[in-house]
Amino acid sequence: MHFELTEEQLMVRDTARDFAVRELDPIAAEIDQEGRFPAEKIAMLAEMGFMGVAIPDQYGGGEMDYVSYVVAMEEISRACASTSVIMSVNNSLVCDPLIKYCTEAQKETFLKPLASGQKLGCFGLTEPGAGSDVSGMKTTAVLKGDEWVLNGEKNFITNAPNAHISIIFAYTDKSKKHKGISAFIVPMDTPGVSCGPKEHKLGIRGSHSSSIFLEDAHIPKDNLLGELGQGFKIAMTTLDAGRIGIAAQALGIGRAALEEAIAFAKERQAFGRPIAKLQSIQFKIADMATRLEAARLLTLQAACFKDAGKPFSQQSAMCKVFAAEAANFAANQGLQVHGGYGYTTEYAAERHFRDARITEIYEGTSEIQRVVIASNLLRG
Ligand code: CAA
């Protein structure tokens, strides 16, 4: 068993770390406060191959492995969780299903510009009445001649207001239940496709989310992704991979909370000495670090399974739920270490507390991860 990153993975980590320190740390608070989409930083991530980390060079990607994606995500998230979720959605919810399910022609047209970061993607699964219950969706796609006509509404779609291309899930045959859902590649400038206003969110405020409205939106017949009726499976396998990225994001947010709590505890004086000397503070730091380390191991294990071509659905659900809960624990404890200062915007502790919260909700709530884990264990 090896616990060491390879030379190449270490290089990716160091590149992402340098970028995060140099480019993101100075502006992360501003991105959050202004709710500003960091377009210029996304362009720089694209230059480094980080918008399509695990996509082959031939299709515009960075040609790295999923472990590299995880270590890069942790570093970017440590500095700015808004930037990292924009990167995560493009990588794992858009490029990953495109490399798996696209035809060669679709890869040329759609994957290349997305993996190289010239374009940005989003993943249109959730609907106002269908979040955890994917099959409850109402969006439909009807074939008319050489075109699919899409109607429906998607909501809470991360990246939607800034995206050029979306993957939209829709019923092509409602009578077949989940087997009647198909996936489509939908350019966002298609007539009949529009976005609602940006959501006002608790955290990750520089990443924009909105509804997508589909009103008689015509797309070419060839924009079907994968096979007819394969949409539910495409969504599930995509989320399996995506959840590893969100676990890495949680890890980065939790690590930021830990590192800042340590720095504050060494500086802040109480009862005549730094609070780091108090056992009550030391225990918090020890528990934060231990949970984050366990989360890191689970996350890297899931990425290793994916890289090795092994089934990883259970590992991905385990790392997602554990890392998200570890991040929320760390962010909460980190804020507590800061005392009253932690409740103000003078310190980043309150941002980490707000940013961490979404990791227990998107790409499958913590409850859904437990459903996935239990159903894997109880199957057969
Ligand atoms: N891989 C492959 N196939 C899978 C699968 C997987 N991981 N999970 C399920 N399937 C297959 C099953 O084997 C089954 O196949 P058959 O019909 O051939 O037997 C079929 O799919 C149906 O499975 P279930 O009966 O388990 O389906 P379900 O309706 O009970 O749903 C669920 C299961 C786990 C609850 C699933 O719906 C789920 O994961 N829900 C959460 C959705 C989610 O994560 N949404 C996040 C939105 S995206 C987002 O958040 C992006 C963002 O903003 C950043």
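Order of appearance sets the numbers: ligands from 1, and atoms from 1 within every ligand. The shown structure was predicted, so the numbers you read here are calculated from the model rather than taken from an experiment.
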S.K.: Under 4.0 Å from atom 24 (P) of ligand 1, is there at least one protein heavy atom?
M.R.: no
S.K.: Considering only non-hydrogen protein atoms, determine which one is nearest to atom 42 (C) of ligand 1 and report residue, atom name and distance to 0.1 Å.
M.R.: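 Here the nearest protein heavy atom works out to V134 CG2, 3.6 Å.
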S.K.: I'd like to check which ligand 1 atoms, numbered from 1 as shown, lie under 4.0 Å from a non-hydrogen atom of L93.
M.R.: 51 (C)
S.K.: Considering non-hydrogen atoms of the protein only, which is the closest contact for atom 35 (C) of ligand 1, and what is the distance?
M.R.: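 The protein heavy atom lying closest is I368 CD1, 3.7 Å.
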S.K.: Can you tell me which residue and heavy atom of the protein come closest to atom 8 (N) of ligand 1, and the distance to 0.1 Å?
M.R.: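 I find the closest protein heavy atom is M236 CG, 3.6 Å.
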S.K.: For ligand 1, indicate whether the residue S132 contacts it via side chain, backbone, both or neither (heavy-atom separation under 4.0 Å).
M.R.: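 For S132, only backbone atoms sit under 4.0 Å from ligand 1.
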S.K.: Can you check whether D133 has an N/O within less than 3.5 Å of an N/O in ligand 1?
M.R.: no
S.K.: Heavy-atom distances under 4.0 Å decide this one: backbone, side chain, both or neither, for I246 against ligand 1?
M.R.: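 Answer for I246: neither.
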S.K.: Please confirm whether the backbone N or O of L202 pairs with a side-chain atom of R354, one donor and one acceptor, at under 3.5 Å?
M.R.: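 A pair under 3.5 Å: yes.
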S.K.: Which one holds for R243 and ligand 1: side chain close, backbone close, both close, or neither close, with close meaning a heavy atom under 4.0 Å?
M.R.: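 For R243, only side-chain atoms sit under 4.0 Å from ligand 1.
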S.K.: Any idea which of I234, T237, L239, T365 brings a heavy atom closest to atom 1 (N) of ligand 1?
M.R.: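 When every heavy atom of I234, T237, L239, T365 is considered, T237 comes closest to atom 1 (N) of ligand 1.
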S.K.: For the side chain to side chain contact (heavy atoms under 4.5 Å, CB included) test, which of I167, I86, I212 pairs with C122?
M.R.: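 The residue from I167, I86, I212 that satisfies side chain to side chain contact (heavy atoms under 4.5 Å, CB included) with C122 turns out to be I212.
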S.K.: Can you say whether the rings of Y347 and F264 are parallel (under 30°), tilted (30 to 60°) or perpendicular (over 60°)?
M.R.: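 Because their plane-to-plane angle is over 60°, the rings of Y347 and F264 count as perpendicular.
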S.K.: Once you round to the nearest 0.5 Å, how far does CD of Q333 lie from CZ of F353?
M.R.: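 That separation rounds to 10.5 Å.
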S.K.: Could you tell me whether atom 30 (O) of ligand 1 has a protein heavy atom closer than 4.0 Å?
M.R.: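 No; the ligand atom in question lacks any protein heavy-atom contact below 4.0 Å.
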S.K.: Using a strict 4.0 Å cut-off to heavy atoms of D240, name the atoms of ligand 1 that fall inside it.
M.R.: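 So the atoms of ligand 1 that pass are 1 (N), 6 (C), 7 (N).
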S.K.: Show the atoms of ligand 1 that are less than 4.0 angstrom away from any heavy atom in K179.
M.R.: 16 (P), 17 (O), 18 (O)
S.K.: Got an N/O contact under 3.5 Å between H178 and ligand 1?
M.R.: yes
S.K.: For atom 27 (O) of ligand 1, what's the nearest protein heavy-atom neighbour? Residue, atom name and distance, please.
M.R.: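 The closest heavy atom on the protein side is F232 CZ, 3.6 Å.
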S.K.: Below 4.0 angstrom, N of the basic side chain to O of the carboxylate: do E74 and R296 qualify?
M.R.: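 Salt bridge between E74 and R296, a charged N being under 4.0 Å from a carboxylate O: yes.
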S.K.: Test S68 against D65 for side-chain hydrogen bond (donor to acceptor under 3.5 Å, both in side chains), laying out the working first.
M.R.: CA-CA 5 Å; S68 299; D65 57 14; 2.6 Å; yes
S.K.: Looking at E30 and R36, is any side-chain nitrogen of the basic one under 4.0 Å from a carboxylate oxygen of the acidic one?
M.R.: yes
S.K.: Establish whether atom 33 (C) of ligand 1 and some protein heavy atom are separated by less than 4.0 angstrom.
M.R.: no
S.K.: My understanding is that we take every heavy atom of each candidate and find the minimum distance to atom 47 (C) of ligand 1. Doing that for I361, I181, T126, which one comes out nearest?
M.R.: T126
S.K.: Under a 3.5 Å distance rule, please check whether K221 uses its side chain to pair with a backbone N or O of E147 as donor and acceptor.
M.R.: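 No, K221 side chain to E147 backbone: no donor-acceptor pair under 3.5 Å.
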S.K.: For residues F232 and F169, establish whether the separation of their ring centroids is below 6.0 Å.
M.R.: no
S.K.: Once you round to the nearest 0.5 Å, how far does CG of L120 lie from CE of M87?
M.R.: 12.5 Å
S.K.: Checking contacts here: is it the side chain or the backbone of V372 that comes within 4.0 Å of ligand 1, counting heavy atoms only? Could be both or neither.
M.R.: side chain
S.K.: Pick whichever of T158, V89, V85 has a heavy atom sitting closest to atom 53 (O) of ligand 1.
M.R.: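 Among T158, V89, V85, the closest heavy atom to atom 53 (O) of ligand 1 belongs to T158.
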S.K.: Is there any N or O on K233 that sits under 3.5 Å from an N or O of ligand 1?
M.R.: no
S.K.: Look at atom 12 (C) of ligand 1 and say whether a protein heavy atom is found at less than 4.0 angstrom from it.
M.R.: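 Protein heavy atom within 4.0 Å of atom 12 (C) of ligand 1: absent.
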S.K.: Does atom 17 (O) of ligand 1 have a protein heavy-atom neighbour under 4.0 Å away?
M.R.: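 So atom 17 (O) of ligand 1 has protein heavy-atom neighbours under 4.0 Å.
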S.K.: For a quick test of reading the model, state the closest non-hydrogen atom pair linking M137 to Y171 and the distance between them.
M.R.: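 Taking M137 first and Y171 second, the nearest heavy atoms are O-CE1, 3.2 Å.
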S.K.: What are the atoms of ligand 1, with element, lying closer than 4.0 Å to any heavy atom of S313?
M.R.: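 Numbered from 1, ligand 1 contributes 7 (N).
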S.K.: For the backbone of A81 and the side chain of Q249, can you confirm whether one donor and one acceptor N or O come within less than 3.5 Å of each other?
M.R.: yes
S.K.: Side chain or backbone, does G364 bring an N or O within less than 3.5 Å of an N or O on ligand 1?
M.R.: yes
S.K.: Could you identify the single nearest non-hydrogen protein atom to atom 50 (O) of ligand 1 and state the distance to 0.1 Å?
M.R.: E363 N, 2.8 Å
S.K.: Keeping N90 on the side-chain end and G117 on the backbone end, is there a donor-acceptor pair under 3.5 Å?
M.R.: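 No; judged by distance alone, with no hydrogens or angles, the pair does not exist.
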S.K.: Between V85, N328, I204, which is the residue that forms a side chain to side chain contact (heavy atoms under 4.5 Å, CB included) with I358?
M.R.: I204
S.K.: Any sub-3.5 Å donor-acceptor pair from S316's side-chain atoms to R243's backbone N or O?
M.R.: no
